[in-house]
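Every number for a ligand or one of its atoms is a count from 1 in the order of the listing. Every heavy atom of this structure was used, including side-chain atoms; hydrogens, water molecules and symmetry mates were not. When a residue number appears, it is its place in the shown sequence, counting from 1. Bear in mind that the values here come from a model prediction, so they are computed numbers and not experimental data.
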Amino acid sequence: MAKNLMLAVAQVGGIDSSESKPEVVARLIALLEEAASQGAELVVFPELTLTTFFPRTWFEEGDFEGYFEKSMPNDDVRPLFERAKDLGVGFYLGYAELTSDQKRYNTSILVNKHGDIVGKYRKMHLPGHADNREGLPNQHLEKKYFLEGDLGFGVFDFHGVQVGMCLCNDRRWPEVYRSLSLQGAELVVLGYNTPDFVPGWQEEPHAKMFTHLLSLQAGAYQNSVFVAAAGKSGFEDGHHMIGGSAVVAPSGEILAKAAGEGDEVVVVKADIDMGRPYKESVFDFAAHRRPDAYGIIAERKGRGAPLPVAFNVND
Ligand code: CDT
């Protein structure tokens with residue numbers, strides 16, 4: 001029997017800092033309802049969905065706590081959980097997490113169709129800087145506001161579909177998809193915020209959308225998984241972020257992509273078994289991978305000298 005999942009990416013247009021969390025949650029519920037009306041079973045929301053992308057701004061200690069969630073669901077977010085449960089729809093949601101021992105993470109959760117949190121992820125690859133770089137169009141202070149994730153790359157059961165999670169910059173790192181695919185992931189879900197300007201990031205404007213989609217497509221194809229990516233997009237307090245929320249098949253082909261940069265839902269019927277022929281042929285990991293030759297990937301962090309290779313020309 002075909003294993004189909006009605007999969008939605010819910011792109012969220014810019015959230016100005018003046019917008020309250022209940023106002024944002026009302027927008028998310030409208031997107032959820034639109035997705036459900038098209039039959040969606042799982043709705044993917046962006047990274048840091050509940051607020052403006054606050055890491056663009058330097059705040060002094062004590063001035064940024066309002067951006068963080070101390071529990072999940074809390075009173076602001078509970079209406080989203082309740083509406084999703086009523087509709088029998090699950091979701092992925094990114095948010096800023098403050099733990100009971102005062103640790104801060106860039107976090108996502110996976111919620112099943114019954115409203116239960118069945119998976120949690122804390123962002124591993126934190127881009128940007130921790131120091132105050134005044135005078136720039138905007139900063140990128142994820143290294144100031146968040147600790148590196150400590151939960152690893154988990155794969156979680158969503159009503160029979162094996163789902164891995166990551167967040168934004170993680171999508172550019174092949175190790176992420178491979179770590180998830182090695183655990184049997186069939187679908188990778190992620191949220192993102194990709195600003196036009198990131199200090200120290202040299203990339204032509206036209207390349208931003210290309211490298212975003214390239215990362216999703218390469219990750220999907222090389223790991224025989226579906227990838228569903230939802231962005232927070234458009235202008236926030238005058239700062240622009242790319243759109244391009246998309247669903248990609250294990251072939252690497254884009255099945256659907258948001259057309260604009262505002263609130264928009266894209267729904268796709270994902271035949272989850274589409275990954276199987278790839279997993280059983282070109283990407284049959286057990287048959288073809290060479291972990292004995294990949295040690296350098298786990299041992300070395302940055303680029304360095306070549307490793308010695310012993311060879312005789314005619315042997
Ligand atoms: N939020 C986030 O991780 N954004 C980054 C900005 C670029 S860092 C070079 C991204 O990868 O889209």
Side-chain angles (χ1 to χ4, degrees), residues 9-15 17 44-59 64 67-68 92-97 104-109 121-131 133 136-149 151 153 164-177 188-220 227-237 239-246 248 257-258 261 301-303:
V9 288
Q11 179 170 281
V12 179
I15 296 173
S17 45
V44 180
F45 289 111
E47 174 192 44
L48 301 177
T49 316
L50 301 170
T51 64
T52 199
F53 187 67
F54 65 89
R56 74 168 64 89
T57 307
W58 178 274
F59 293 105
F64 53 81
Y67 290 113
F68 284 80
Y92 159 105
L93 181 76
Y95 63 98
E97 177 190 14
R104 287 182 258 115
Y105 296 99
N106 189 341
T107 295
S108 63
I109 48 170
Y121 172 75
R122 289 175 174 153
K123 187 173 181 179
M124 291 285 198
H125 299 93
L126 295 176
H129 51 100
D131 56 317
R133 301 187 187 174
L136 298 170
N138 57 261
Q139 306 200 43
H140 199 104
L141 290 156
E142 290 196 55
K143 287 188 191 296
K144 165 182 166 67
Y145 293 121
F146 304 116
L147 293 170
E148 290 175 337
L151 297 177
F153 296 106
M165 289 189 273
C166 66
L167 278 158
C168 196
N169 191 253
D170 289 320
R171 75 195 188 284
R172 304 183 192 275
W173 299 93
E175 294 86 349
V176 174
Y177 304 92
V188 175
V189 290
L190 66 101
Y192 62 93
N193 290 268
T194 298
D196 283 3
F197 177 79
V198 178
W201 188 19
Q202 304 294 329
E203 191 168 48
E204 292 295 324
H206 75 270
K208 285 232 155 57
M209 182 59 73
F210 174 75
T211 56
H212 155 63
L213 295 173
L214 176 69
S215 301
L216 307 183
Q217 293 181 258
V227 175
K232 194 143 61 55
S233 315
F235 285 93
E236 291 191 333
D237 291 336
H239 301 273
H240 182 256
M241 296 181 294
I242 68 166
S245 300
V248 179
K257 184 159 82 69
E261 294 187 335
K301 184 169 179 183
R303 294 179 184 86

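The stretch residues 195-207 participates, sequence neighbours left out, in these side chain to side chain donor-acceptor pair (under 3.5 Å) pairs: Asp196-His240, Glu203-Thr211.
Near ligand 1, Glu47, Phe53, Lys123, Pro127, His140, Glu142, Cys168, Asn169, Arg171, Arg172, Asn193, Thr194, Val198, Trp201 each place a heavy atom less than 4.0 angstrom from the ligand.
Between Ser215 and Arg171, the closest heavy-atom pair is CB-O, 3.3 Å.
Taking the ring centroids of Phe68 and Phe54, they lie under the 6.0 Å cut-off. For an aromatic pair to be called close, the ring centres must be under 6.0 Å apart, and His239 with Phe53 fails this.
Legend: residues meeting ring-ring contact (aromatic ring centres under 6.0 Å, His included) with Phe59, ordered by chain and number and at least two apart, are Tyr67. Checked against ring-ring contact (aromatic ring centres under 6.0 Å, His included), Tyr105 has no partners two or more places apart in sequence or in another chain.
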